[in-house]
Amino acid sequence: MPDLHPMRAKIGVSAALATPFDQSGGIDWRRFTAHAGQLLGQGMKVVTAFGTTGEGVSLAATARAPLYEKMAEAGIAAGQLVECVYGPPSQEAGAHMRRALEAGAAGILLAPPFYFKQPSEEGVYRWFAEALEATGSTCRDIILYNIPQLTGVAVGAASVARLRTAFPGIVAGVKDSSGDWNQTTALLSDHRDLAILVGHEGHLARAVRQGASGAISGVANFAPALVAKLVRGEDDAAVDAILGLLLKLPVVPAVKGVLAAQAGDEAWRRVRAPLEALSTAGDLAACAAIAQLAESWHQR
């Protein structure tokens, strides 16, 4: 087996940060940096900005641009941040990655092209290759993002292998949010030396026991210590209880609803279009119940 990639040690638990918004829909940097700082203060080495849970695909590059400056003002170094980058144009993705890596980001979570559905394996490879080439000499520490239920593109073990061959040392890992155990085990079988980061918390402990190195996790926004236990390879029924409620709701608004319940801060419920904030009594009660499960676990 090749040497273990350093990204395996860099990311154990990383919260897929939820992004708070102000009343006009802009990023609420005060809440955002405070949330990131709180999670880092609880032992995380890095946090991940603008992924799926962070609604990054709904934010213009100009809105995201102050990320490193705002975090630095709050005492958070660029090396404590992974940033998620989307296309769909490969050249724009490359330019975005170059800016983030030049700023000192710990790594990039790179989503595949997401507009044209069911592209060929060759087409997906060419898109990734163009994006990595456009990044230039700064290209490093790229985590490929496998979330086919949203992008329409599966990033499988064979695609990872081809990119690793064409761009030696550049691919650092895969975030597997497919929820498909067969996809996860294929990645672990072929690429165990990379940081294989599991997005489905229900599979996490089992995946770690088979060689996964950690998670970029939405649940870690509100239950970081529980996710850390799973990343140690230890099962805990509390995650099943939490997911049993969470996955019955639109997940991103639900994560923000849980944060609002935890903090007693309704501003956390704001989302960007096309998502809608949860508002029915039943949905809000479910978020409160999840927050209580997380708090009860933490206090036990």
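Quick caveat: nothing in here was measured; it's all calculated off a predicted structure.
Under a hydrophobic clustering in which Ile, Leu, Val, Met, Phe, Trp and Tyr are joined whenever their side-chain heavy atoms come within less than 4.5 Å, directly or via other members, I216 and V227 fall into different clusters. Both I76 and I27 are members of a single hydrophobic cluster when ILVMFWY side chains are connected at heavy-atom separations under 4.5 Å. There is no path of hydrophobic side-chain contacts, each under 4.5 Å, that joins L243 to I147. Hydrophobic clustering, with ILVMFWY side chains joined whenever heavy atoms are under 4.5 angstrom apart, keeps V153 apart from L150. Both V239 and L246 sit in one connected hydrophobic cluster of ILVMFWY residues. Membership requires side-chain heavy atoms under 4.5 Å apart, directly or through other members.
Checked by atom type, the side-chain pair E92/Y86 shows no donor-acceptor distance below 3.5 Å. Defined by atom type and a distance below 3.5 Å, a donor-acceptor pair is present between the side-chain atoms of D283 and T280. One side chain, E201 or S217, offers a donor N or O that lies under 3.5 Å from an acceptor on the other. Looking only at atom types and distance, the side chain of Y145 has no donor-acceptor partner in the side chain of T151 under 3.5 Å away. Residues H35 and N221 have side chains that bring a donor and an acceptor to within less than 3.5 angstrom of each other.
For K256 (side chain) and A18 (main-chain N/O), no donor-acceptor pair under 3.5 Å exists by modelled atom type. Although no hydrogens or angles enter the test, the distance criterion places a donor-acceptor pair under 3.5 Å between the side chain of W127 and the main chain of P88. At distances below 3.5 Å, at least one donor-acceptor pair connects side-chain atoms of K10 with backbone N or O atoms of A106. Looking at H298, its side chain never comes within 3.5 Å of a backbone N or O of A223 through a donor-acceptor pair. Of the possible polar contacts, one joining the S14 side chain to the T48 backbone as a donor-acceptor pair under 3.5 Å is found. Formation of a donor-acceptor pair under 3.5 Å by the R206 side chain with backbone atoms of D235 is not found in this model. Here the side chain of R164 pairs no donor or acceptor atom with the backbone of G169 at under 3.5 angstrom. Between the Q262 side chain and the F222 main chain, a donor and an acceptor come within less than 3.5 Å of each other. R272 places a side-chain N or O within 3.5 Å of a backbone atom of G25 that can act as its donor or acceptor partner. Between the side chain of R8 and the backbone N or O of G173 there is no donor-acceptor pair closer than 3.5 Å.
Checked options L194, V155, D176, L187; the residue passing with L144 is V155 (criterion: side chain to side chain contact (heavy atoms under 4.5 Å, CB included)). Between V231 and the choices I11, L226, L197, V13, the side chain to side chain contact (heavy atoms under 4.5 Å, CB included) rule is met once, by V13. With S90 as reference, E130 is the one residue of E130, R126, E133 to meet the side-chain hydrogen bond (donor to acceptor under 3.5 Å, both in side chains) rule. Each of V171, I170, V124 was evaluated against L163; a single residue qualifies, V171, per the side chain to side chain contact (heavy atoms under 4.5 Å, CB included) test.
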**OP:** Give the intermediate values and the outcome of salt bridge (Lys or Arg N to Asp or Glu O under 4.0 Å) for residues D22 and R30.
**Re:** CA-CA 10 Å; D22 59 28; R30 180 184 64 81; over 6 Å; no
**OP:** Would you check, one step at a time, whether the test side chain to side chain contact (heavy atoms under 4.5 Å, CB included) holds for H96 with E83?
**Re:** CA-CA 10 Å; H96 194 149; E83 184 176 359; 2.8 Å; yes
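Within 6.0 Å of CD on E122 lie more than 12 heavy atoms contributed by other residues, nucleotides or ligands. The environment of Q149 atom CD is dense: over 12 non-hydrogen atoms of other residues, nucleotides or ligands sit within 6.0 angstrom.
The six-membered or imidazole ring of F32 lies away from that of F21, with a centre-to-centre distance of 6.0 Å or more.
Ring geometry, H203 versus H200: the interplanar angle falls under 30°, so the pair is classed parallel (tilted spans 30 to 60°).
Residues L245 and L293 have side chains in contact (heavy-atom distance under 4.5 Å, counting atoms from C-beta outward).
At a threshold of 4.0 Å, the pair R31-D265 counts as salt-bridged, since one of the basic side-chain nitrogens sits closer than that to a carboxylate oxygen. Comment: E266 engages R269 in a salt bridge, judged by a side-chain N to carboxylate O separation of less than 4.0 angstrom.
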